Every structure is written in C-alpha cells, then in structure tokens.
Peer 1: 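Have a look at this one.
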Amino acid sequence: MATALVWFKRDLRIHDHAPLAAAAAFERVLAVYVIEPAWLASPEFDPQHLEFALGCLVELRAGLAARGLPLAVRVGEVRAVFDELQREAGFDHLLSHEETGPGWSYARDRAVADWCRARGVAWDEFPQHGVVRRLLRRTGWAARWQQRMDTAEHPIPAAFRGATVALADLPTLADLSLAPHGRSLQPAGERAGLAVLDSFLAERGGPYRRAISSPLTAESGSSRLSPYLAFGALSLRRAHQASAAEIRCRRAGDAADRAFAYGLAGFSSRLRWHCHFMQKLESEPEIEFRNFSRAHDGLREPHFDRARFDAWCAGQTGYPMVDACMLQLRATGWLNFRMRAMLVSFAAYHLWLHWREPGLFLARQFLDFEAGIHWSQMQMQSGTTGINTLRVYSPTKQALDHDPEGVYIRRWIPALARVPLGYLARPWTMPVEIQRAAGCMIGRDYPAPVVDEATSVKAAKNALYGLRRQTAAREEAAAIVDKHGSRKSGLPNTTPGQPAQRTRPPRGVDTDGVQRELFDF
DNA sequence: TCAGATGTTGCGTAA
DNA sequence: CTTACGCAACATCTG
C-alpha cells in the first residue's frame, strides 16, 4: 500500500502546495512538521521564529484535519522522527519542498537523503519559489522564473485518506526551555498572510515606491509580506499572480488607479529579486560563511572590535538614526529595507566589522530571516562581492532625508526626546548648555559616537578601493601572462608587460553587453 | 535698471 | 538603487 509522508518545512500553508497536491494521489497520507534541535541550536535562530512557526502550525493543523489529514508536530532529529513515524504508520514516499536554507539544513537534507536510500523510501522534492536546483548558468533564469510564476497554482485537495498517528499538543516555547523574546510580532499564519496581501493590493500598495524609503511610512507602505513568504505561509506564486492581476485591472482604470498600479509594479518586480538572491545561496552555499570575492579574505577579520559590535547590537553607537533603527528592529522583528541596509553599511564601513557576526545577530532579529537573501545582502552591503559599487550610507544624511521632523528618532530613543531638531541627527554637536536644557548630556544620557563618521568612512573606502585596484591589477597581469605567456614558455620574462588597458563599458552595461539590474552582482 | 555676484536645483559621473 | 562633486541652467540679491 502506497503511503506518503508530507514533510512540512518552510511551506506552512495549504494553498499552492505541491507536495500536498501530490499526496492526494496516495492511498494513505500522513503529515509532519519537525522542530529540529539543530535549528533551535543554530546561531541564526531566535525564539520569535519558532513562535511564528507555531502560530502557522495551529492553523495548518486545523486546515489539514478538516481534510482528513493528521499533522504530527514532533521535536527531534528528523531521521529519528521519521523512524518513529515509520513504526507508527509506515510510509514509503516522502514528499517535501526543496529548501534553500543555512548550512545545517543543507547537511540535514543530505542525511535525510541517505536515510531514504537506506530505508527504501522514495523522496520527491518539489521546487518552491523560483529557485532552480542544480542550475549551471544564470542565462535564461529570469525567463524560467517568469514561467514558473505564471503556471497555475497547485490545487488544494478536498480530502485525504489520513493515516493514524499520535497527535500531541503543540509545544510552547517554555516546553522547549526557550526564553520569551518580548517582541510584538505580525500575526502568524496563512490566513493572516493572505489578508496582508489583500490589504496591500487593495489599499496600501499605491504609494509603495515612495513609502518604502522612510522607516515611518514603510511601516504600512511596504508590503509586510516578508515573514509569510519566509515561513511559506504565503506562496510566492500567489503573491505574484495576485499582484499581476491587480496591476492589469488598475491599468485599465482612471488616473488614480494607474498610479496605484505603478506602485504595485514596483512591488511586483521585487518578488523576482527575492528568488534572485536565494538562487545565489542555492548555487553557492559557501557564501554563508565565506566572502564572495576571496580577495577580500582577511581584510576585516583581524580587526573585529567586540566593543563596537556590542554598541551596534545594543543601539548604542551614538548615531541616532542607526540606534533608532536597531531599537525598532529589536522591538518588532522588522525594519524596512533601506534602514536594514544602513545598519549593515554602518557595521561594515564605519565600524569595520566583518559581516558574519553582524549577520548572525541580524538573522536573530529578523522575523523574516531568509538565508539566501540574508547572506547575499550582508555581503553586498559589506562590499565583499568585489563587483558592485560600495553603498556607504551616511546615518546623518539618512536621518535628514527620511526623518526630517525627528519623529522616528524621538519615538525610539526617549533620551533624545527634547533635543532640538537641528541637533537630532548629530546630538554630539550640541553645546553643553543645550544638552543641559534638553536633559540629554552626551556620554551620560546618550552615548558619544563610537567612531568619527568622516575618518572611519574614508579609511574603509581606502582599504576596499585599494584592494580592488590591487586585485584588478593582479587579474590584468594574470590575463596578460595567460594570453602571451606561451610564446615565451621556458624563458624568464624580462620585459615589463604593457600597461593595463582600462576600457570602460557604457554606463549600466556590463562587459557582456547585458543590462545590469538593480542590486545585481 | 542692470551687470555681476551669489545661491539653488538638477543631472551626470566617479569612487 | 549611495554619496559627493562638478557643472550648467536658472533664480535671487546687491551696489
């Protein structure tokens, strides 16, 4: 008798779920979600992640039960849990989505593959999102993404012949000896995800392009779908197709509708970037640990300054915009994209910290942590891809541009509540009398800046651009040797090489003549 | 009233 | 979708 186990991972939904749709064809079906000790122990894990997952699981379990499918939620190493389930119900097929996750999940998947081979279980993995497994070249990737996203959703089976398995209550954080995380999170679950999508497409999405920049307007003006996409409570295809449909509809409308469609189109293109970055980790899993550009190895590592790192984590750098952003993130598990980039830029350039530890810290703070996006972004914003231009954010400029009234800074840093607006971006420039009048003595009520903005940025740029010049020179030298070396094989090269030709491709076009897109590297 | 000085804005580009 | 700078075009001020 053919029995399938549907293994839920980062796909906590019923709609557009390939393994679930495939399971409908089996004579008996069971389903499981495994709370893995390796996840809980991983350095990017935070209890908020489990809380959100549990919230999704409550709803998922009810929805599956209504279709006759029991969802077991077990704590343990995956292979041990599978052994249990084999004893309890027996299964010969394992159905799951492909996962592009951190190293521990990659290692676990390989262990599961071994387990399946040893037990004679057939493991069918289905792609999720637009990430392509065993991709050799990026050529044609965008077209494949588009094609996948435009394919019809997998249908939701009406009923299953569910196997009988023991169903315990879902564990709580306390059951797993996890401390409460103290954040106020977005509501978990598939229904919540679909409702957020709906409110964005119907009401909030119009000003998207302008609204995402400021942390004030982004709170409601960005999609807020990231946690649902990260935990799979919302299918990326659903988000893509629903926004495409809304855009088509609004484009046929009046000027206000067309303006709204313009905003939604800005959002829609970002769904592709979501997969674009995940694809990097899928194709090159080492980028979680190592620099994209190995020429950057050792540049920052020996200088890691623990005190600076701690000040950054605590929101105590003395730069109000940086600190306010960190405090919002720590309180809510969310921050808009631009301000995330600013936090990373500050750690990477101003504080000259290697990206790995700040990346782990941020992974724990982001409710929507998605490994592929995360590590690609950490490296890009730190300048270790070696290709894209350095994006060094000025926290004082960002404060002036995106919080001109000081509302955001004062909201998140009570110590600065009475600092006059003119000093809010740079409170250390306040004369002592004004500090006294504002009830904010620098160094006592609010920290003095950990580093000087101008000198630290200059040093960082010098180091990175200096390295690039060297690297470029080395590569050019190597290319010249490669090209001309054979004619002189066996003889020492005594004549100096030609000076390197510096030909610059037209702006926005790389050497292959391919348009370089936003964020591309 | 005007010429020249000074200021503002917007764009292109280098790093 | 970074910042800083230079430049040009245009605006405003001033003697």
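Chain A is the first sequence line, chain B the second, and so forth, proteins listed ahead of strands; every chain is numbered from 1. The shown structure was predicted, so the numbers you read here are calculated from the model rather than taken from an experiment.
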Peer 1: What is the distance, rounded to the nearest whole Å, between atom CG of A/N388 and atom P of B/dA14?
Peer 2: 17 Å

Peer 1: In whole angstrom, give the distance that lies between atom NE2 of A/H402 and atom C1' of C/dC1.
Peer 2: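 Rounded to whole Å, this separation is 11 Å.
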
Peer 1: Look at all strands and tell whether A/K461 reaches a base, only sugar-phosphate, or nothing, counting heavy atoms closer than 4.0 Å.
Peer 2: nothing

Peer 1: In this structure, how many angstroms lie between the P atom of C/dA4 and the CG atom of A/L390, rounded?
Peer 2: 14 Å

Peer 1: Please pick, from C/dA4, C/dT2, B/dA15, the nucleotide with the shortest atom-to-atom distance to any side-chain atom of A/Y465.
Peer 2: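 Closest nucleotide among those given: B/dA15.
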
Peer 1: To the nearest Å, give me how far apart CH2 (A/W273) and C1' (C/dC1) are.
Peer 2: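 After rounding, the gap between these two atoms is 10 Å.
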
Peer 1: Which residue, A/Q379, A/M380, A/R138, forms the side chain to side chain contact (heavy atoms under 4.5 Å, CB included) with A/K280?
Peer 2: A/R138

Peer 1: Find the distance A/K397:NZ to C/dT2:P and express it as a whole number of Å.
Peer 2: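 That distance rounds to 9 Å.
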
Peer 1: Checking A/S293 side chain against A/G386 main chain: does a donor-acceptor pair fall under 3.5 Å?
Peer 2: no

Peer 1: Please state how far atom CZ in A/R468 lies from atom P in B/dA15, giving the value in whole angstrom units.
Peer 2: 13 Å

Peer 1: Reckon A/T389 touches a base, only the sugar-phosphate, or nothing at all at heavy-atom distances under 4.0 Å?
Peer 2: base

Peer 1: Rounded to whole angstroms, how far apart are CZ on A/R340 and P on C/dC1?
Peer 2: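 It works out to 14 Å between those atoms.
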
Peer 1: Looking at A/E405 and A/R411, is any side-chain nitrogen of the basic one under 4.0 Å from a carboxylate oxygen of the acidic one?
Peer 2: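 Result for this pair is no, no salt bridge flagged.
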
Peer 1: Which part of the nucleic acid does A/Q398 contact within heavy-atom distance under 4.0 Å: base, sugar-phosphate only, or nothing?
Peer 2: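 Sugar-phosphate, backbone atoms only, no base.
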
Peer 1: What is the separation between atom CG on A/L400 and atom C1' on C/dT2, rounded to the nearest whole Å?
Peer 2: 15 Å

Peer 1: Regarding A/K9 and A/D109, does a basic nitrogen lie under 4.0 Å from an acidic carboxylate oxygen?
Peer 2: yes

